[in-house]
Amino acid sequence: MIDQQCLAEITSNRNTGVEYEIALFYNLCRAGKLDTTALDAAISSRPDKSRSKIKKIRNQTPTSKILKELAARSLTLTDVSFETQNDEVGPADVVMTTRDADGKEVKIGLSVKYANTCSMNTTGRNFLSNNQIQDLSSKLPEYVKKYIAEMNKKYGGIANWFHKRKKSENTDAYINLIRDAVIANWANITNKQDLFSALFHADSPIEFWVVKYKKKGYSLNVKPASIDIKRVTDIKLEKYLKSNLSFTLDGVRLGKMQVKFNNGILEVSGKREPDIIEQGKELSYGSPFNSWNFSVEV
C-alpha cells in the first residue's frame, strides 16, 4: 500500500539521483500489482525534466531479475515501500515485503547505485584524532590563500569560480595532507570493529541487495560485499587514485573512501561573520572532515 508520506516524498524529494529510486519503486509497485494511480499523480507533480528522466529509467528497469531471485527463494512480492530517507532500514532505498511458502513475512531492501558505489557517508572524525584535526584546520587558511591565487590565475575574477567545481592542485595537496594523517593514525583507532560494521552495513536490520545502474539496464547483487569483522585489525590502508584511501585485506581491496570537502575548499559564506572577503564577496572555509564517501567493492 502506497501511503501519504511516501507520496509526499515522491513529490518533494529533489536529491541527486532520486529518479533512479523512484523508477525502481514504481516498477516494483506495478510488479506487485499495487494501485499506482496516486503514485502517477505524485510523479506528475515533479518538474518536467525529472518526470522525463523517471520515464526513461523505468524503461531500462525490468523487474524480471528481481522477481526471478525472489522466486528462487520461494518468495512472493506483496508490498513495496519507498525508504530513501529512512536510516532505520539500513542502506535500503526501496524495501520489498514478501511472503515465503509458509506465509512468513520477509523484508528485503534494495540499495540503489547510479553514478558510484557509495554505501555510506562517514565523517573524517572517525579516522583522525582531535589533535590531527586541529593541526590540519590550522593549515587550511594557507591552502585557501594559495587556492585563491590559483583561481585568479586560471579563471579570472571570482564570478568565474563557483559555477562549476574547479579542479585545483592546492585542494588536492590539502586532501593529500589529510590522507597522510589518516594513514598515520590508522594503528591508533580502537573501534575498528564498530566502524566497519557500520561501513559494510553488517548491522543492517534487514537483508539488502544492491541495484547498480549502468548506461543501459542495471546489475543486481544479492550478496553484497561483506567483511569478517574479527579481522578488521588486519586491514591495510593506503592511498588510492587522487583523493581516495584503499582498504585491503589479504591483498584484496574491500572498499575505498573518498576524502573530500563538503562543498569545496572555499564556499560562498552563509555565516554572519565570513572567514574572508575576496573581491567584495563574503566567503567561508570549506568543511574537509564532515562528509567522506565510503564505497564497498560490489
Side-chain angles (χ1 to χ4, degrees), residues 9-10 13-32 43 50 52-73 75 77 80-87 89-98 106-122 196-227 240-241 243-249 252-258 260 291-298:
E9 179 71 15
I10 296 290
N13 193 309
R14 297 293 185 267
N15 289 350
T16 302
V18 72
E19 289 86 359
Y20 291 90
E21 297 158 10
I22 294 173
L24 176 63
F25 173 67
Y26 186 96
N27 282 6
L28 284 170
C29 285
R30 295 293 296 270
I43 292 174
S50 178
S52 176
K53 186 174 181 180
I54 290 170
K55 183 177 180 180
K56 181 180 178 180
I57 298 168
R58 280 189 56 209
N59 291 335
Q60 70 177 84
T61 312
T63 57
S64 53
K65 292 181 186 179
I66 297 170
L67 297 178
K68 182 178 179 180
E69 290 291 342
L70 292 177
R73 291 175 49 176
L75 297 174
L77 182 65
V80 191
S81 60
F82 189 71
E83 306 286 359
T84 187
Q85 299 289 345
N86 182 10
D87 293 336
V89 292
D93 300 297
V94 175
V95 172
M96 301 182 294
T97 301
T98 70
V106 179
K107 289 184 181 290
I108 299 177
L110 296 172
S111 178
V112 179
K113 311 296 181 188
Y114 50 92
N116 55 55
T117 57
C118 178
S119 59
M120 184 178 179
N121 291 113
T122 186
F196 274 82
S197 179
L199 291 174
F200 280 85
H201 298 291
D203 57 351
S204 177
I206 61 173
E207 178 184 355
F208 70 95
W209 300 346
V210 175
V211 174
K212 184 179 178 182
Y213 279 91
K214 304 177 180 179
K215 288 185 177 180
K216 293 184 179 180
Y218 66 93
S219 63
L220 177 66
N221 186 350
V222 300
K223 294 182 179 180
S226 60
I227 183 175
Y240 178 62
L241 302 176
S243 61
N244 286 262
L245 289 162
S246 175
F247 298 83
T248 61
L249 182 62
V252 177
R253 187 166 60 249
L254 302 174
K256 61 184 179 182
M257 182 170 66
Q258 183 187 21
K260 65 181 182 68
S291 181
W292 296 357
N293 292 340
F294 184 87
S295 300
V296 175
E297 295 292 308
V298 296

**Item:** Side-chain heavy atoms of K260 within contact of S243, under 4.5 Å
**Value:** no

**Message:** Nearest 0.5 angstrom please: L75 CG to T97 OG1, how far?
**Reply:** 11.5 Å

**Message:** Please evaluate residues F196 and L254 with respect to the criterion side chain to side chain contact (heavy atoms under 4.5 Å, CB included), reporting the C-alpha separation (whole Å), side-chain torsions for both, the decisive distance (0.1 Å), and the verdict.
**Reply:** CA-CA 11 Å; F196 274 82; L254 302 174; 5.9 Å; no

**Message:** If I compare all heavy atoms of G90 with all of P205, which pair ends up nearest, and what's the gap?
**Reply:** N-CD, 3.8 Å

**Request:** Please step through side chain to side chain contact (heavy atoms under 4.5 Å, CB included) for the pair F25 and V112, ending with a clear verdict.
**Result:** CA-CA 10 Å; F25 173 67; V112 179; over 6 Å; no

**Item:** Any L28 side-chain heavy atom under 4.5 Å of L110 side chain
**Value:** yes

**Message:** Just so I know, are the side chains of V89 and K107 near enough to count as touching, which here means a heavy-atom distance under 4.5 Å?
**Reply:** no

**Message:** Less than 4.0 angstrom from a charged side-chain N to a carboxylate O is my criterion; do E207 and R73 meet it?
**Reply:** yes

**Message:** Give me the atom names and distance for the closest heavy-atom approach of R253 to Y240.
**Reply:** NH2-OH, 3.1 Å

**Message:** Could you measure the distance from the OG atom of S291 to the CD atom of Q258? Nearest 0.5 Å is fine.
**Reply:** 9.0 Å

**Message:** I want to know whether Y218 and Y20 have ring centres closer than 6.0 Å.
**Reply:** no

**Message:** So if I apply the side chain to side chain contact (heavy atoms under 4.5 Å, CB included) rule between E19 and each of N13, I54, L24, I43, which one comes out positive?
**Reply:** I54

**Request:** Check whether any side-chain N or O of D93 sits under 3.5 Å from a backbone N or O of E21 as a donor-acceptor pair, and report yes or no.
**Result:** no

**Complete:** Residues passing the salt bridge (charged side-chain N to carboxylate O under 4.0 Å, His left out) test with R30, sequence neighbours excluded, are none

**Fill in**
Value for NZ (K55) from OG (S50), rounded to nearest 0.5 Å, stands at 14.0 Å

**Request:** Kindly compute the distance separating SG (C29) from CD1 (I22), expressed to the nearest 0.5 Å.
**Result:** 11.5 Å

**Message:** Counting C-beta onward and ignoring hydrogens, is there a side-chain heavy-atom pair between W209 and K65 closer than 4.5 Å?
**Reply:** no

**Request:** Please test T84 against E9 for side chain to side chain contact (heavy atoms under 4.5 Å, CB included), starting from the C-alpha separation and ending with a verdict.
**Result:** CA-CA 9 Å; T84 187; E9 179 71 15; 3.6 Å; yes

**Request:** Drop me the distance from I57's CD1 to Y213's OH, to the nearest 0.5 angstrom.
**Result:** 6.5 Å

**Request:** Compare all side-chain heavy atoms of T63 with those of L77 and state whether any distance is below 4.5 angstrom.
**Result:** no

**Message:** Can you confirm whether I108 sits close enough to L70 that some side-chain heavy atom of one is under 4.5 Å from a side-chain heavy atom of the other?
**Reply:** yes

